[in-house]
Amino acid sequence: MNIIVTIKQVPDPDIPPIHFKVDEAAGKVVPPPGVAPVMNGYDANALEAALKLKEAHGGRVTAITLGGQEARDTLKRAVAMGADAAVLIDDPNLREGDSFTTATALARAIEKVGEYDLILCGRQASDTDAGQVPLGLGEILGLPTISPVIAIESTNGGVKAHRMIEDGQQVIEAQLPAVMAVSSEIGEPRYPPLRGIMMAGRTQIPVWTAADLGLDDGSAAPKVQLRRLYIESREQACELVDGDTPEEIAAALAQKLREAKLI
Amino acid sequence: MAVAVRDDVQHEQQEAIRAAVRDVCKDYPDAYWRELDQRQEYPEAFVRALTEAGWLAALIPEQYGGAGLGITEASIILEEINRSGANSAACHAQMYIMGALLKHGNEEQKQRYLPKIAAGELRLQAFGVTEPNAGSETTRIQTTAVRQADRYVINGQKVWTSRFKQSDLMLLLARTTPYDDLTDKTRGLSVFLVDLREAGAAIESRPIDAMVNHSTNELFINDLVVPAENLIGEEGMGFRYIIDGWNAERILIAAESVGDGRWFVDRAVKYANERVVFGRPIGANQGVQFPIAQAYAHVEAADLVRYKAAARFDSGQKCGAEANMAKLLASEAAWEAANACMTVHGGYGLATEYDVERKFREARLYIVAPINNNLVLGYLGQHVLGMPKSY
């Protein structure tokens, strides 16, 4: 089973909130200094699922990302974990796009890779949490798309996905090829072993531009306009409720909660 | 230009190694080490995770299933482990013991053991050298190995044999020629690869309760039978083989100390910035800030010597002076950082929940082990600077 895994490089979600900053004028997140970006968590789960399917059924796993040259580190990590190949889509005209841009660029790259049975994505990325790219990919490629998936089984010529719903699971069978957006329940990603890192060091990662994907005509231009990017300010205050007796303090507290419309 | 490209590739690989080791360590946070320390238990899960991902096989050539990396990369692995707050002492010996087998073992021995060690099926991380009556003066060891046909029978006593209970194989130094019969006192010792799974009651171990959680032991060896095919290299050349491993060991320990030093500096800076006394962070006081900055500078300086030593080692150049200086400077810089960190934390530094006191004990070990820094100074004075022997 040949599998393509889409991967995004995101700011490390483990940094303390105080280090998370945005440039409101530019509408961009300011990368925290000295903290390397990481592979999006759900994408790592998707890669783990792909590697397990490969181990069970054979085939080839290819990781694809859209990003700048710094995204090579994330692709190298994917190879170190066990992906057979990786492709970087890097073009200034695609970098500033929205979910539509990303889905279009990934779809074109997936078509260019050619042979594939399954496309696995993370259910959403930890920077935007939009979760639109997997669905967009399925739409553009005209493939059945399932999200969020917590288990995948290969069936005779098809695939069975366990989809998480509010009060249980749906089990869905689909023909291949298909797109699946994977959730963390599918399993913890493995550590990249040392031999994998050695292998990744020797792997050549091709870089495809918008022109290579036939997207230099503006057909992947964003459809969404970002109006404002900001960090919500939260104010905290502490007030001590005073009184001579516990009953008085309780009554004063109740009064204040009522004034604040909390009770 | 070609060199620059190669350096870039090497640097990228080293950064990838750092990031990957940090990843493993992230799953073993302070609380894991704190609890093990309190129970004096071996970090089995951590060492298993490292082994399964191949980190402890870094120095084993690729043809035997390892990564075939140099001491530079191996030292980065141990540095990152210690920098994360963990303790490489639980597993570093597999790296530096490996040298004797790699350099002096025969092909049959390498084929028999290295692939299994690389795969994590066998652990070679016990090193039986030191004895109650022979510490730094290794040529005075008294444990004997007597050849009887196709085997050796070994009797004697070892001390500070760490990770004995967590090893399948032990490298053992024993006397094959009586000391008094030797003209060259550096001869007469031989190295054996002992399969501990077959040793049975011939080796009795008694754990030593120590200041750090180090899984270390006294060994009493009685009529231990070792097949002659487990002799490493030539009989009588063991001391030379052990010395060969010392430079690697010094560089690896230096890297661990650099990791410790950076951990202490990080924690000291964090606390100095967060802790507010008399209306301002305590780090605003020069008395608090300067010792941390001074220790930082010393750690970074030691790191440069460590890389110089590692580069010389990996390119096959003599590196005794650099390796010894790296160990001396890094262990003392780490200890300076440990003291700065302890001082900035005040009384809280002694509370186990801050982890400073645990790392403080662990960092102190490397001032005296695996070689006392006074003996490093003795080596530098005599062998590098040409002064008379001072010990």
Side-chain angles (χ1 to χ4, degrees), chain A residues 7 9-19 32-41 43-45 47-48 51-52 55 63 68-83 86 88 184 187-205 207, chain B residues 5-29 45-46 48-70 73-74 76-78 80-81 84 94-95 115 118-120 262 266 269-270 273-274:
Chain A
I7 282 172
Q9 181 165 259
V10 295
D12 189 340
D14 288 339
I15 59 166
I18 197 170
H19 291 149
V35 183
V38 297
M39 184 185 296
N40 176 44
D43 298 347
N45 296 126
L47 179 57
E48 177 63 31
L51 296 173
K52 286 215 175 85
E55 284 158 5
Q69 282 302 310
E70 69 284 355
R72 286 176 76 248
D73 290 344
T74 303
L75 288 176
K76 292 248 174 188
R77 184 183 172 84
V79 174
M81 285 170 71
L88 172 63
S184 54
E188 281 291 306
R190 64 195 62 188
Y191 299 123
L194 179 52
R195 281 173 74 79
I197 286 170
M198 306 281 295
M199 185 78 77
R202 295 169 196 151
T203 301
Q204 295 295 318
I205 297 178
V207 181
Chain B
V5 170
R6 196 181 62 225
D7 285 352
D8 279 353
V9 171
Q10 195 178 25
H11 179 72
E12 193 176 281
Q13 187 182 60
Q14 289 172 356
E15 289 307 303
I17 288 172
R18 273 187 200 285
V21 176
R22 278 179 199 170
D23 256 9
V24 178
C25 294
K26 225 191 253 180
D27 288 344
Y28 298 89
F46 176 71
R48 196 182 316 119
L50 283 177
T51 308
E52 283 172 0
W55 295 107
L56 300 183
L59 292 170
I60 298 179
E62 288 185 274
Q63 72 206 78
Y64 302 110
L69 291 169
E73 287 78 12
I76 287 171
I77 295 168
L78 299 184
E80 284 300 329
I81 292 172
S84 78
Q94 178 137 316
M95 288 194 177
R262 289 185 171 144
D266 286 348
V269 168
K270 185 167 181 284
N273 283 332
E274 286 173 0

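Note that the structure is predicted; figures quoted are calculated from it, not measured. Below, read A as the first sequence line, B as the second, and so on, with proteins coming before strands; counting in each chain starts at 1.
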Self-check item: A:Glu188 atom CD, neighbour heavy-atom count above 12 within 6.0 Å
Solution: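 No.
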Quiz item: Measuring from B:Leu69:CG to A:Arg195:CZ, what's the distance to the nearest 0.5 Å?
Solution: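 Output value for this atom pair is 10.5 Å.
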Quiz item: Taking every heavy-atom pair that is under 4.5 Å apart, which of B:Ala118, B:Gly65, B:Gly68 has the most such pairs with chain A?
Solution: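 Highest number of heavy-atom pairs under 4.5 Å: B:Gly65.
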Practice problem: Could you pull out the closest heavy-atom pair between B:Ala20 and A:Ile197, with the gap in Å? | Solution: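 Where B:Ala20 meets A:Ile197 most closely, the heavy atoms are CB-CD1, 3.1 Å.
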Exercise. Grab the two heavy atoms, one from A:Pro192 and one from B:Trp55, that are nearest each other, plus how far apart they are.
Key: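 In terms of heavy atoms, the two residues are closest at O-CZ2, 3.8 Å.
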Exercise. With a 4.5 Å heavy-atom cut-off (strictly below), which parts of residues 68-80 of chain A touch chain B? List them by number.
Key: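 Checking residues 68-80 of chain A against chain B gives A:Arg72, A:Lys76, A:Arg77.
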Quiz item: How far apart are the C-alpha atoms of B:Glu73 and A:Leu194, what are their side-chain angles, what is the distance that settles it, and do they pass the side chain to side chain contact (heavy atoms under 4.5 Å, CB included) test?
Solution: CA-CA 11 Å; B:Glu73 287 78 12; A:Leu194 179 52; over 6 Å; no
Quiz item: What part of B:Glu62 is in contact with chain A, defined as an atom under 4.5 angstrom from a non-hydrogen atom: side chain, backbone, both or neither?
Solution: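 Both backbone and side chain of B:Glu62 come within 4.5 Å of chain A.
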Exercise. Against chain A, label B:Ala58 side chain, backbone, both or neither, depending on which of its atoms sit under 4.5 Å from a heavy atom there.
Key: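 For B:Ala58, heavy atoms of backbone and side chain both lie under 4.5 Å from chain A.
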Exercise. Would you please name every residue forming a salt bridge (charged side-chain N to carboxylate O under 4.0 Å, His left out) with B:Asp27, sequence neighbours left out?
Key: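 Expected list: none.
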